[in-house]
Amino acid sequence: MIPLLKPLKEQIWLLVAGAIVFVSGMSIGIWLFAVNLFNNNYALATAIVIIANLTIALIIGKAISAKAVKPTDYLARSILTVTNQENTVEPPNPENLDKPSKEFIASLMQKVYGFQNSINQIKTEDQSDLSYYQSITNLYPLPIIAINTEQHIGFMNDSALSYLELKAEDIADKPLYDVFNIAFTSTETLEKWLSNIAGNTVNATETWQRVKLTLPNNKIKKFDLVAHYSQNNSNGLEVVLAIYDRTLLYERDDRDLTFVALAVHELRTPVTILRGYIELFGEELESKLDTEQKSFMHNMSASAQQLTSFVSNILNVARIEENALNLNLKEENWNEVLGQVCKDMELRAKVHGKKLIVKIEPDLPTVAADRVSVYEVIANLIENAIKYTHTDEEIIIDSHLKDGVVETTVSDKGVGIPSNVVGHVFDKFYRSHSSKNSVGGTGLGLFLSKAIVEAHGGQIWVKSKEKEGSTFGFTVQPYVNLAEELKNSQNGEIVRGAHGWIKNHSLYRG
Ligand code: ADP
């Protein structure tokens with residue numbers, strides 16, 4: 001038993017002991033009196049004592065239990081009055097308590113108040129912690145935003161307010177996405193990350209590059225974003241976001257891209273003419289050339305083809321930037337589409353001493369595809385497999401039906417991709433450090449391929465192991481899956497836009 005209850009126990013023990021002594025004394029007195037009164041009739045005297053004892057026990061028992069239950073009654077009334085559960089109960093009255101009960105209640109209350117004070121102290125400490133952090137972060141030139149579990153803004157430091165061109169009163173406890181109109185280069189958005197980690201992890205950090213912010217006045221800023229999540233932060237602010245502005249750097253890249261796109265556009269016609277002549281001469285001169293001359297011809301043709309894909313990649317990425325890349329999905333025979341690209345790429349593989357093995361499952365359903373764009377996706381994947389395989393290992397292209405969609409994979413036994421960078425290969429301009437200097441490229445091929453595949457309603461993925469090789473795969477929808485959409489279209493084709501920017505929040509999607 002806890003020491004707090006000791007005085008109460010002693011009080012009840014004394015009452016019960018006193019009652020027993022009192023009743024015993026009374027019994028003897030009554031018995032002697034009755035024996036005397038009824039001329040030594042012992043039986044009658046005993047019966048009178050029993051009846052008297054029973055009556056006294058009832059009265060005393062009731063009085064003792066009423067006294068014993070008083071502190072409990074007081075506590076029950078206190079709880080019910082405070083929690084407002086029982087309106088019929090009168091509030092507790094300390095006057096009804098005797099001394100030991102008053103002492104018991106007083107020391108119990110002291111403990112409750114002590115507990116309450118420590119809670120309040122923690123709360124105020126948290127509050128002051130918060131303003132302490134806030135004032136510290138105000139010294140930083142880095143925009144910092146803290147958000148709570150409901151994804152409402154807890155605080156923004158002064159740099160964040162000025163970066164987002166907001167006033168403190170505009171943000172108080174607002175949902176983050178009301179004031180933060182951001183878009184990402186892939187579907188791995190902040191919102192998706194938050195919904196994945198919430199409740200599943202204790203601490204997590206993530207970084208996004210090239211995040212695009214659109215301010216209410218339509219001004220665009222570009223930055224890298226770092227988010228740190230820490231579950232059960234005492235101040236309720238689970239996520240802290242830091243913004244690293246890169247507007248000037250990324251704008252310069254984009255301006256360069258626009259300039260390059262303009263220049264490259266001019267290359268289109270001469271390259272097409274060049275390819276036409278190379279093909280023509282190849283056919284015409286086939287029988288007249290010796291082996292070495294034939295291999296020169298092949299090299300020329302493969303290089304012209306590489307130039308063509310470079311030109312179309314640059315132009316398409318520039319179109320994506322302006323939201324101007326539209327795809328016309330039509331019913332296509334996948335064997336034919338894939339077969340054509342593989343045939344065209346075979347020469348390029350041969351020039352590099354590699355062999356393409358093509359395995360296409362027979363009887364694949366027709367697919368909904370934009371032939372020109374999907375050609376570029378397959379060509380990009382095969383081109384990469386050739387570029388990043390430095391041995392004469394085969395490159396395997398495999399197409400089959402999987403889970404109701406047509407999946408195509410391109411596997412190589414080349415240099416592979418380190419696991420720490422594999423998540424970035426679809427990012428715009430991303431080029432792995434290890435191969436950047438030895439292998440030519442723009443870092444746009446996979447970014448473009450992803451945008452095209454997603455506009456087809458498909459998915460693109462990669463599995464890779466450094467020094468062992470990579471498998472890139474993507475899916476396209478069977479034509480029948482889009483039958484409903486096609487029924488409503490005017491000329492039997494569906495027009496889809498390939499977007500480079502994925503809005504962070506469904507609120508902005510459209
Ligand atoms: P690039 O023009 O650099 O090839 P991509 O967007 O096509 O640009 O690819 C991005 C990066 O992904 C490449 O720089 C390379 O590091 C990596 N990569 C792509 N395909 C492969 C592959 N088959 N094997 C190894 N690394 C690859």
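Counting starts at 1 for both ligands and their atoms, in listed order. Quick caveat, the model's predicted, so the values are computed rather than measured. Below, each value reflects all heavy atoms present in this structure, side chains not excepted, and no hydrogens, waters or symmetry copies.
Within the listing of ligand 1, atoms 25 (C), 26 (N), 27 (C) sit less than 4.0 angstrom from a heavy atom of Ile417. Taking every non-hydrogen atom of Ser470 and a distance limit under 4.0 Å, the qualifying atoms of ligand 1 come out as 22 (C), 24 (N), 25 (C). Atoms of ligand 1 lying under 4.0 Å from at least one heavy atom of Arg431, given by number and element, are 1 (P), 3 (O), 14 (O). Every atom of ligand 1 with a heavy atom of Gly443 under 4.0 Å away is listed here by number and element: 1 (P), 2 (O), 3 (O), 6 (O), 8 (O).
Thr247 is not listed as a side-chain neighbour of Phe223, based on a closest heavy-atom distance of 4.5 Å or more. In this structure the side chain of Leu327 reaches within 4.5 angstrom of the side chain of His456, judged on heavy atoms. Val337 places a side-chain heavy atom less than 4.5 Å from the side chain of Val374.
Ionic pairing of Lys354 and Asp412 is not present here: no N-O contact between side-chain nitrogen and carboxylate oxygen is shorter than 4.0 angstrom. Electrostatic pairing of Glu454 and Lys450 counts as a salt bridge here, judged by a charged N lying under 4.0 Å from a carboxylate O.
No N or O atom of Phe472 sits closer than 3.5 Å to an N or O atom of ligand 1. Any N or O atom pair closer than 3.5 Å counts here, and Val415 shares no such pair with ligand 1. In terms of polar-atom proximity, defined here as any N/O pair under 3.5 Å, Gly445 does make such a contact with ligand 1.
For Asn217, the CG atom sits in a packed shell: over 12 heavy atoms of surrounding residues, nucleotides or ligands are nearer than 6.0 Å.
Here Leu444 has backbone heavy atoms under 4.0 Å from ligand 1, and that is the only part of it that gets that close. By the criterion of a heavy-atom distance under 4.0 Å, the side chain of Lys387, and not its backbone, is placed next to ligand 1.
Atom 9 (O) of ligand 1 has its nearest heavy-atom neighbour, among Thr471, Asp412, Leu446, in Leu446. By heavy-atom distance, the residue among Phe426, Phe447, Tyr388 lying nearest atom 14 (O) of ligand 1 is Tyr388.
Ligand 1 has no atom lying under 4.0 Å from any heavy atom of Gly414.
Closest non-hydrogen pair, Ser464 versus Ile417, comes out as OG-N, 2.8 Å.
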Quiz item: Can you list the steps and then say if Asn380 with Phe472 is a side-chain contact (heavy atoms from CB on, under 4.5 Å)?
Solution: CA-CA 10 Å; Asn380 271 324; Phe472 281 83; over 6 Å; no

